[in-house]
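In this text, all values refer to a predicted model and were calculated from it rather than measured experimentally. Values below: all heavy atoms of this structure, side chains included; hydrogens, waters and symmetry mates excluded.
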Amino acid sequence: MTSSNGKDWYFVGIPFEFECMNAGVNLYHQHFEGPNRSEPLVILHGLLGSSRNWTSVARSLAEQNTVYCVDLRNHGKSGHTASMGYREMAEDILSWADRQWINRFHILGHSMGGKVAMRLATESPERIQSLIVADIAPRKYMGHHRVEMNAMLAMPMDTLKSRKEAEGFLDQFGVNDWALRQFILTNLVRNSATGSLNWQVNLTALDRCMEQIAGSPLDAESQYLGKALFLVGGQANFVVGDDAELIKEHFPASEMVTFSDSGHNIHVDAKVPFLDAVGCFLDG
C-alpha cells in the first residue's frame with residue numbers, strides 16, 4: 001500500500017494464523033512477528049508441502065524479520081481450485097499480500113514455491129525487495145514426484161485405517177525412502193466428523209496439472225534485476241549443468257551458494273548454514 005505522502009508501508013498487527021479470501025481461493029498462512037517494523041519475509045513451500053514444514057525455520061528467521069509462511073493453492077489449509085498455473089499462483093500471493101497491507105517484501109521459495117517466487121519477481125519486481133530460491137531452476141523437470149503421486153492416487157482411502165497402514169502402502173508402491181514417506185504423510189488428515197483419513201492436498205488437480213507444475217515458470221525474456229540468492233543442494237541434482245547460466249540470464253544480479261552435503265530439502269539437511277546464508281543475505 002502507498003500512503004498519501006507517497007511512502008510505502010505495511011501492516012503486521014494480525015492474528016498468528018489467518019485465512020484470507022482472494023480471487024476465489026482461500027490462502028492460509030502462519031505469521032511469526034519479528035522486531036518492530038522489521039521487513040516482511042514471505043516463505044513458499046514446495047509440491048506436496050505446506051507452511052507447517054517451515055515452522056522451525058520461520059521461528060529462527062523471525063529473530064530479524066517478520067515472517068509469513070503461506071500455503072499455496074491446493075496445499076495445506078488453503079483453498080482448492082482446478083488450476084495450478086504459475087501466473088495464477090503468483091497472482092494469489094500478490095492478492096494475499098494486498099489483504100495483509102504488505103506492499104514490498106522479501107520472498108523465499110523452495111522447489112515449486114521457488115518457481116512461484118521467480119514468476120512473481122519477474123512479473124511484479126516493484127513488489128519484491130529481494131528473492132531467495134531454494135534448490136530449483138527456471139526450467140522444465142521430467143518425472144519428479146511421479147512415483148509418489150501414483151502411490152497417493154492408488155492408496156485405498158475407503159478402507160485405510162491408520163497412518164502406519166498408509167506408510168506401508170507407500171513403501172510397497174515404491175516410495176522406499178523413509179523421510180520421503182513421512183513428508184508425504186503430512187498431507188494425510190483425519191476427518192473429525194467421520195474418522196476417515198483423507199488427503200488434505202487437492203490430489204486430483206495436482207495430478208492433472210503435473211506437466212504444468214514441472215514446466216518452466218518463466219518466459220524466455222523474463223528478468224528480475226533485483227537482489228537474488230539461489231541456494232543449491234549439492235546431492236539433489238535439481239540445479240545442474242547449464243542451470244547456473246540460465247539463472248544468470250533471468251536474474252543477472254543473483255548469487256549462488258551450494259551446500260555440498262545437502263539434498264533437496266536444504267532447510268532440513270543443512271538447517272544452520274541455510275539460516276546463516278539467508279540471514280546474511282537479508283541483512284544485505
Side-chain angles (χ1 to χ4, degrees), residues 28-34 38-72 75-78 89 93 105-118 120-121 128-138 141 144-145 148 177-187 201 213 217 227-240 243 247 251 254-283:
Y28 170 90
H29 77 260
Q30 294 188 66
H31 170 212
F32 302 83
E33 188 68 51
S38 64
E39 298 170 341
L41 167 66
V42 176
I43 298 178
L44 307 180
H45 60 82
L47 181 64
L48 299 178
S50 71
S51 59
R52 64 180 289 190
N53 304 138
W54 287 83
T55 299
S56 176
V57 166
R59 286 188 178 128
S60 296
L61 291 174
E63 293 178 7
Q64 74 183 81
N65 290 83
T66 293
V67 181
Y68 300 85
C69 295
V70 181
D71 285 347
L72 295 168
H75 288 76
K77 296 182 181 179
S78 284
M89 289 192 279
I93 299 303
F105 51 95
H106 304 280
I107 191 161
L108 188 167
H110 173 241
S111 199
M112 182 188 73
K115 287 186 173 184
V116 177
M118 285 187 272
L120 181 54
I128 303 302
Q129 195 154 344
S130 71
L131 168 70
I132 305 171
V133 176
D135 210 45
I136 203 74
Y141 287 78
H144 288 293
H145 287 297
E148 296 86 353
D177 182 82
W178 178 86
L180 181 55
R181 292 199 300 272
Q182 304 314 304
F183 170 71
I184 291 172
L185 291 174
T186 62
N187 292 288
V201 292
I213 294 168
K227 286 178 52 181
L229 175 65
F230 282 74
L231 306 174
V232 179
Q235 302 298 314
N237 295 319
F238 272 74
V239 181
V240 296
D243 288 344
I247 288 168
F251 306 95
S254 65
E255 55 186 293
M256 184 177 291
V257 177
T258 298
F259 300 80
S260 57
D261 296 327
S262 175
H264 186 50
N265 297 314
I266 308 170
H267 60 294
V268 176
D269 297 343
K271 181 180 177 182
V272 173
F274 174 90
L275 288 170
D276 287 343
V278 172
C280 288
F281 179 76
L282 292 174
D283 269 344

*Taking only residues two or more places apart in sequence, or in another chain, which ones meet D243 in a salt bridge (charged side-chain N to carboxylate O under 4.0 Å, His left out)?*
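Applying salt bridge (charged side-chain N to carboxylate O under 4.0 Å, His left out) to D243 gives R139.
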Under 3.5 Å, side chain of [X] to main-chain N/O of [Y], donor-acceptor pair present?
X	Y	value
N65	A62	no
N265	V268	no
T258	V232	no

- Task: Show your working on side chain to side chain donor-acceptor pair (under 3.5 Å) between H106 and S130 and close with a plain yes or no.
- Result: CA-CA 5 Å; H106 304 280; S130 71; 2.6 Å; yes
So [Y] and [X], do their side chains get closer than 4.5 Å, heavy atoms only?
X	Y	value
I136	Y141	yes
D276	F274	no
E148	L180	yes
L231	D135	no
V67	I43	yes
V70	I93	yes

When rounded to the nearest 0.5 angstrom, what is the spacing between [atom1] in [X] and [atom2] in [Y]?
X	Y	atom1	atom2	answer
H29	Y68	NE2	OH	6.5 Å
S50	L72	OG	CG	10.0 Å
L47	S111	CG	OG	7.0 Å
I107	I128	CD1	CD1	5.0 Å
R52	T186	CZ	OG1	5.5 Å
I266	H110	CD1	NE2	6.5 Å

What are the two closest heavy atoms between [X] and [Y], and how far apart are they?
X	Y	value
S262	D269	OG-CB, 3.4 Å
K115	I213	NZ-O, 3.3 Å
L48	H75	N-NE2, 3.1 Å
P217	P138	CD-CA, 4.0 Å
A117	L44	N-CD1, 4.2 Å
M256	V239	CE-CG1, 4.4 Å

**OP:** Walk me through it: do S56 and K271 pass the test side chain to side chain contact (heavy atoms under 4.5 Å, CB included)?
**Re:** CA-CA 10 Å; S56 176; K271 181 180 177 182; 2.3 Å; yes
- Query: Given the rule in the side chain to side chain donor-acceptor pair (under 3.5 Å) test, do S51 and D71 qualify, once you have shown the distances and angles that lead to the verdict?
  - Reply: CA-CA 5 Å; S51 59; D71 285 347; 2.9 Å; yes
- Query: Parallel, tilted or perpendicular: which fits the ring planes of H264 and F238, with parallel below 30° and perpendicular above 60°?
  - Reply: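 Geometry flag for F238 against H264: parallel rings.
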Check: Can you say whether the rings of W54 and H267 are parallel (under 30°), tilted (30 to 60°) or perpendicular (over 60°)?
Finding: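 Plane angle under 30°, so parallel.
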### Message
Assess the residue pair F105 and Q129 against the criterion (side chain to side chain contact (heavy atoms under 4.5 Å, CB included)); give the C-alpha distance rounded to whole Å, side-chain angles, the decisive distance to 0.1 Å, and a yes or no.
### Response
CA-CA 5 Å; F105 51 95; Q129 195 154 344; 6.0 Å; no
Inset, instruction - In sequence, state the C-alpha distance, the side-chain angles, and the governing distance for L108 and V278, and then conclude on side chain to side chain contact (heavy atoms under 4.5 Å, CB included). - result: CA-CA 9 Å; L108 188 167; V278 172; 4.1 Å; yes
Intermediate values then yes/no, side chain to side chain contact (heavy atoms under 4.5 Å, CB included), T66 and L41 | CA-CA 6 Å; T66 293; L41 167 66; over 6 Å; no
Result for ring pair (Phe, Tyr, Trp, His ring centres under 6.0 Å) between F230 and one of F259, F251, F281 points to F251
Would D261 and Q235 count as a side chain to side chain donor-acceptor pair (under 3.5 Å) here? Give the steps.
CA-CA 6 Å; D261 296 327; Q235 302 298 314; 4.8 Å; no
